[in-house]
Amino acid sequence: MRVLVIRHHDVDTAGFIAEAFEARGASLDVHLFPDDGPLPGFGGVDHIVVMGAVSSVNDPDPWIAQELAWLRAADQAGVPVLGICFGAQAICAALGGRIERMGSSEIGWFTVDSADEDAVPAGPWLEFHEDRCLVPADATVLARNEAAVQAFRIGRHFAVQFHPEVDGPQLKRWLDSMGTAEVESIGLDPDQFLADTIREEPAARARADRLVATALAVRDS
């Protein structure tokens, strides 16, 4: 199985999600977009993972429109996509939904209301976003909370608003690269956030593995 990972920042990795795919025999190709140039073709690709981004899907940057068009092409080609945070929002927007700004950011560890605990465990999950999905009519919502739709499927694609890939080192890279002002602005202690993330690592790895199993089941259904 060949998995194409699209990331948007050089400090990001697919983390626990990559581990779960590799445990199933997958080989991963990683493309940093837009810095590495145009998005790859779909030849030989069995699954796509689209990761998070600081940008909003609604921003006017040309690369965002290019990525949405590419996701529509992936859908037409029958290549399944697992979208994470911005990636989930990109799938939503590409396939007929809308993205809106929330009243406040959702940052930290949160549980969700799951429609299917086997497919999407209640968590806790690491959240780091200020936009949310208004999903297309043909999407099936698999989890939500008061802030946003947290997981959905549409066709062969599976999307989650939270960040199942993140371990302590990943979160530290985020905090080091973007600063702690946004975290502190909602009253969250960055050091405690990092400590909580490190403490959650074993369980978070297991939950990420469940999500990859769900993505593969959605693909094959």
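Excluded from the calculations below are hydrogen atoms, water molecules and symmetry mates; all remaining heavy atoms, backbone and side chain alike, are included. Everything numeric in this text was worked out from a predicted model, so none of it was measured.
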Short side-chain to backbone donor-acceptor contact, [X] and [Y], under 3.5 Å:
X: Asn145; Y: Val112; value: no
X: Arg7; Y: Asp10; value: yes
X: Arg205; Y: Ile17; value: no
X: His157; Y: Asp75; value: no
X: Glu201; Y: Gly168; value: yes
X: Arg144; Y: Val149; value: no
X: Asp167; Y: Gln170; value: yes
X: Arg210; Y: Ala206; value: no
X: Asp209; Y: Val212; value: no
X: Ser114; Y: Val120; value: yes

Can you tell if the side chain of [X] reaches within under 4.5 Å of the side chain of [Y], non-hydrogen atoms only?
X: Phe158; Y: Leu211; value: yes
X: Asp46; Y: Val3; value: no
X: Gln161; Y: Gln89; value: yes
X: Ile91; Y: Ile154; value: yes
X: Asp191; Y: Leu194; value: no

Have a look at Ile107 and tell me which of Glu127, His129, Glu182 forms a side-chain contact (heavy atoms from CB on, under 4.5 Å) with it.
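Only one option passes, and that is Glu182.
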Test side-chain contact (heavy atoms from CB on, under 4.5 Å), reference Val5, set Asp29, Val50, Leu28, output is Leu28
Donor-acceptor pair between Arg153 and Thr214 side chains, under 3.5 angstrom
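Per modelled atom types, Arg153 and Thr214 side chains form no pair under 3.5 Å.
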Hydrogens and angles aside, do Gln150 and Glu106 bring a side-chain donor and acceptor to less than 3.5 Å of each other?
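Checked: Gln150/Glu106 side chains pair up, N/O donor to acceptor below 3.5 Å.
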Please round to the nearest 0.5 Å and tell me the distance separating atom [atom1] of [X] and atom [atom2] of [Y].
X: Met51; Y: Leu82; atom1: CE; atom2: CG; result: 10.0 Å
X: His9; Y: Met178; atom1: NE2; atom2: CE; result: 7.5 Å
X: Ser105; Y: Leu188; atom1: OG; atom2: CG; result: 11.0 Å
X: His47; Y: Leu216; atom1: NE2; atom2: CG; result: 6.0 Å
X: Asp36; Y: His31; atom1: CG; atom2: NE2; result: 5.0 Å
X: Leu134; Y: Glu100; atom1: CG; atom2: CD; result: 4.0 Å

Are [X] and [Y] grouped together when hydrophobic residues (ILVMFWY) are joined by side-chain heavy atoms under 4.5 angstrom apart?
X: Val49; Y: Val45; value: no
X: Leu95; Y: Val141; value: yes
X: Ile6; Y: Val30; value: no
X: Val166; Y: Ile186; value: yes
X: Leu171; Y: Ile84; value: no

Work out which heavy atom in [X] is nearest to a heavy atom in [Y]; give both atom names and the distance.
X: Pro124; Y: Arg207; answer: O-NH2, 2.9 Å
X: Val218; Y: Gly155; answer: CG1-O, 3.8 Å
X: Ile48; Y: Ala74; answer: CD1-CB, 4.0 Å
X: Cys92; Y: Phe152; answer: CB-CZ, 3.9 Å
X: Gly52; Y: Cys85; answer: CA-CB, 4.4 Å
X: Gly123; Y: Thr111; answer: C-CG2, 4.4 Å

In plain terms, say whether Arg101 and Asp131 are close enough for a salt bridge, that is, a side-chain N and a carboxylate O under 4.0 Å apart.
yes
Candidates Phe33, Phe162, Trp63 - the one meeting ring pair (Phe, Tyr, Trp, His ring centres under 6.0 Å) with Phe86
Trp63
Consider ring pair (Phe, Tyr, Trp, His ring centres under 6.0 Å). Of Phe128, Phe16, Trp174, which one does His163 pass it with?
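Exactly one pass, corresponding to Trp174.
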Trace of the salt bridge (charged side-chain N to carboxylate O under 4.0 Å, His left out) decision for Arg199 with Asp196
CA-CA 5 Å; Arg199 185 190 66 242; Asp196 292 343; 2.9 Å; yes
Would you say CD of Glu117 has more than 12 non-hydrogen atoms from neighbouring residues, nucleotides or ligands within 6.0 angstrom?
yes
